[in-house]
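Read through the structure below, which is laid out as structure tokens, and then see the notes.
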Amino acid sequence: MIPSSFEYSAPSTLDEALKMLNELGDEAKILAGGHSLIPMMKLRFAEPEHLVDINNIPGLSYVKEEGEYLIIGAMTREVELEESDIVAAKFPIFLDAAKLIADPQVRNWGTIGGNLAHGDVANDHPAVMIALDAEVEITGQNESRWVSINEFFMGFYTTAVQEGEILTAIRIPNASGKNGNSYHKNERKVGDYATAGVAVNITLDDSGTCTAVGIGLTNVNPTPLKAERSEQALIGTKLDDAAIANAAQYASEDCKPSDDLRGSVDYKRRIVKTLTKRMIIKAMERAN
Amino acid sequence: MEIKIKLNGTEMTADVEPRTLLVHLIREKFSSTGTHIGCDTSSCGACTILIDGKSAKSCTILAVQVNGKEISTVEGLLTAEGLHPIQEGFKENHALHCGFCTPGMMMRAVELLEKNPNPSEDEIRWGISGNLCRCTGYNNIVSAIKYASAKIRGAELPSTEPKFV
Ligand SMILES: Cc1cc2nc3c(=O)[nH]c(=O)nc-3n(C[C@H](O)[C@H](O)[C@H](O)COP(=O)(O)OP(=O)(O)OC[C@H]3O[C@@H](n4cnc5c(N)ncnc54)[C@H](O)[C@@H]3O)c2cc1C
Ligand code: FES
Ligand code: FES
């Protein structure tokens with residue numbers, strides 16, 4: 001399978017790329033790792049007239065701690081997150097996810113920015129970023145802005161990134177207190193997209209009371225879902241069995257999975273319920 | 001578009017359309033047909049090559065994206081000193097039947113061992129999780145990678161007697 005014809009440019013600065021994207025408008029698509037876009041182009045689900053390859057722009061690939069935040073450059077590859085010491089120490093949730101995202105070759109190329117910008121509910125980073133309460137930096141020709149992850153996913157393959165803009169970074173606030181996070185997805189085989197996935201991030205105070213929590217769900221809703229009722233069920237509790245059971249029940253009720261090759265609606269709700277419970281317990285163990 | 005790459009150490013140039021996939025450049029323009037096309041949907045790993053030392057599925061990369069980079073394929077494993085340790089490992093351990101997955105499997109194993117010269121069995125199995133083999137059942141491939149690991153480290157070579165399980 002070969003994509004239909006297109007023009008290709010590989011600008012070497014961000015300004016040049018933004019200028020090009022503005023001039024080309026909706027004819028252009030950004031090429032990052034290409035591991036969602038190229039398969040879609042091969043199937044002719046996407047037929048952009050112009051690809052703007054942003055791989056040659058320096059300075060978009062990094063993982064660093066700055067002030068209150070962990071900041072991840074948009075062009076950071078999955079493998080770089082997997083191998084980062086900061087991530088291993090504070091965000092094991094990314095290691096949980098990395099092991100389940102595709103395979104080593106795909107992770108050598110796929111970028112974190114691309115995984116979010118693709119706007120696909122089947123991708124794993126959206127739910128992880130929802131749990132971590134991330135913000136996304138979107139850069140245009142004249143300004144750049146930070147957008148909450150909760151306002152980022154607008155619908156089927158659509159995000160807050162507008163024509164002529166580039167997603168440039170993701171930042172995750174540091175937790176105050178004892179913090180633990182975890183992710184798991186059910187998959188039919190290695191490298192498959194999630195049948196259902198659950199990401200949990202929990203902060204506890206010294207007495208073990210839950211002071212902050214984020215829960216994100218993968219591939220069980222038209223857009224990546226923040227399980228708000230589940231979060232509320234945990235806040236202020238000591239994460240006792242009853243609170244966890246409520247949170248798990250609410251997550252399974254509040255998602256809207258569809259019947260497909262990966263399973264029936266009922267099956268997926270049951271997976272959500274079980275995984276929510278397990279991930280809360282795992283995050284709690286990691287916090288302690 | 002004119003591109004320049006280093007293929008297994010040799011400078012090559014080619015005039016390609018932007019939509020040309022890297023695997024087609026390698027197989028059709030450069031006649032290096034050791035790199036296979038299995039699924040053409042980024043799933044099987046038969047097309048695995050190294051780009052600047054990193055394993056990649058060449059059916060999911062555009063030729064224009066590797067302009068100026070170094071590409072290694074299975075043809076580059078054999079040197080004047082003889083077989084690469086991974087080739088020797090596959091040969092000694094009967095790690096192939098039809099051989100279709102083998103070039104991709106070996107190129108993936110080369111990067112795995114480069115990063116982690118002494119991987120555990122679990123790390124090997126996760127390490128080749130992007131490569132499918134329809135023949136061997138994987139056990140002998142895992143043995144081949146363990147053998148290559150020992151050879152590269154100068155450690156005692158594991159037995160290559162078949163194990164009946
Ligand atoms: C076999 C296979 C299995 C996979 N399995 C999984 C899985 O289990 N879980 C998972 O999460 N993913 C999976 N993926 C997808 C993979 O993680 C992709 O790499 C990722 O979704 C997209 O990142 P990319 O850098 O490759 O983006 P690209 O494919 O380059 O781009 C994707 C889209 O985002 C846009 N875009 C990219 N970067 C930016 C940016 N910085 N600013 C604005 N727009 C941008 C592009 O224009 C395009 O529309 C799989 C892919 C393959 C091939
Ligand atoms: S042919 Fe490239 S992964 Fe199968
Ligand atoms: S040896 Fe036949 S597919 Fe692996």
Side-chain angles (χ1 to χ4, degrees), chain A residues 1-10 12 28-56 75 77-80 82-83 95 98-111 114 187-193, chain B residues 1-3 16-25 28 37 39-69 104-105 107-112 114-116 119 122-132 138:
Chain A
M1 298 177 297
I2 298 167
S4 53
S5 295
F6 54 85
E7 302 276 315
Y8 171 87
S9 320
S12 51
K29 266 219 165 280
I30 294 168
L31 178 67
H35 275 57
S36 288
L37 185 53
I38 294 174
M40 286 182 81
M41 289 170 62
K42 287 170 74 177
L43 293 166
R44 313 266 169 128
F45 290 152
E47 295 183 73
E49 288 168 47
H50 203 121
L51 278 194
V52 178
D53 183 347
I54 58 173
N55 285 272
N56 293 351
M75 288 302 288
R77 314 278 166 182
E78 300 286 350
V79 63
E80 288 161 336
E82 254 176 286
E83 291 172 358
L95 303 185
K99 208 170 179 185
L100 299 169
I101 294 177
D103 56 57
Q105 288 95 314
V106 173
R107 295 199 295 273
N108 272 345
W109 279 79
T111 66
E187 52 182 1
R188 295 172 300 177
K189 59 168 190 62
V190 168
D192 191 23
Y193 289 96
Chain B
M1 193 181 148
E2 179 88 359
I3 63 166
V16 296
E17 271 189 83
R19 62 177 176 158
T20 306
L21 299 169
L22 178 55
V23 71
H24 293 137
L25 171 74
E28 287 161 23
I37 301 176
C39 64
D40 202 7
T41 56
S42 334
S43 308
C44 74
C47 64
T48 301
I49 46 97
L50 305 184
I51 302 173
D52 290 341
K54 294 194 182 108
S55 57
K57 292 180 171 175
S58 58
C59 72
T60 314
I61 301 205
L62 303 170
V64 288
Q65 284 179 276
V66 301
N67 193 9
K69 297 190 191 293
M105 231 13 129
M107 296 317 286
R108 173 60 205 137
V110 167
E111 190 202 10
L112 173 66
E114 187 70 40
K115 279 197 170 171
N116 180 0
D122 211 34
E123 286 167 337
I124 293 174
R125 287 185 184 271
W126 275 106
I128 57 169
S129 60
N131 295 73
L132 299 180
Y138 300 98

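Order of the sequence lines fixes the chain letters, A, B, ..., with proteins taken first and strands second; residue numbering starts at 1 for each chain. Since the model is a prediction, treat every value here as computed from it, not as a measurement.
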- [ ] Could you tell me which non-hydrogen atom of P104(A) sits nearest to which non-hydrogen atom of S129(B), and how far apart they are?
- [x] CD-OG, 3.5 Å
Open item on the list: Can you confirm whether C59(B) sits close enough to K42(A) that some side-chain heavy atom of one is under 4.5 Å from a side-chain heavy atom of the other?
Closed with: yes
- [ ] Could you tell me the separation between the CD atom of E7(A) and the CD atom of E17(B), rounded to the nearest 0.5 Å?
- [x] 10.5 Å
Open item on the list: How long is the straight-line distance from CG of D52(B) back to CG of N108(A), given to the nearest 0.5 Å?
Closed with: 11.5 Å
Open item on the list: For a 4.5 angstrom cut-off between non-hydrogen side-chain atoms, does L31(A) reach L62(B)?
Closed with: yes
TODO: Please state whether the side chain, the backbone, both or neither of I37(B) comes within less than 4.5 Å of a heavy atom of chain A.
DONE: neither
TODO: Go through the atoms of T48(B) and report whether side chain, backbone, both or neither lie under 4.5 Å from a heavy atom of chain A.
DONE: side chain
Open item on the list: What part of L51(A) gets within 4.5 angstrom of chain B, counting heavy atoms only: side chain, backbone, both, or neither?
Closed with: side chain
Task: Distance (rounded to the nearest 0.5 Å) between I38(A) CD1 and Q65(B) CD - done: 4.5 Å
Task: Within 6.0 Å of CD in E114(B), more than 12 heavy atoms from elsewhere - done: no
Task: Per-residue contact mode, K189(A) against chain B (heavy atom under 4.5 angstrom) - done: neither
Task: CD1 on I128(B) to CG on D103(A), rounded to 0.5 Å - done: 11.5 Å
Task: Side chain to side chain, T60(B) and Q105(A), heavy atoms closer than 4.5 Å - done: no
Open item on the list: What I'd like to find out is whether the side chain of K54(B) reaches to under 4.5 Å of the side chain of R77(A), using heavy atoms alone.
Closed with: no
Open item on the list: Please rank K115(B), R19(B), E111(B) by heavy-atom pairs under 4.5 Å with chain A and give me the top one.
Closed with: R19(B)
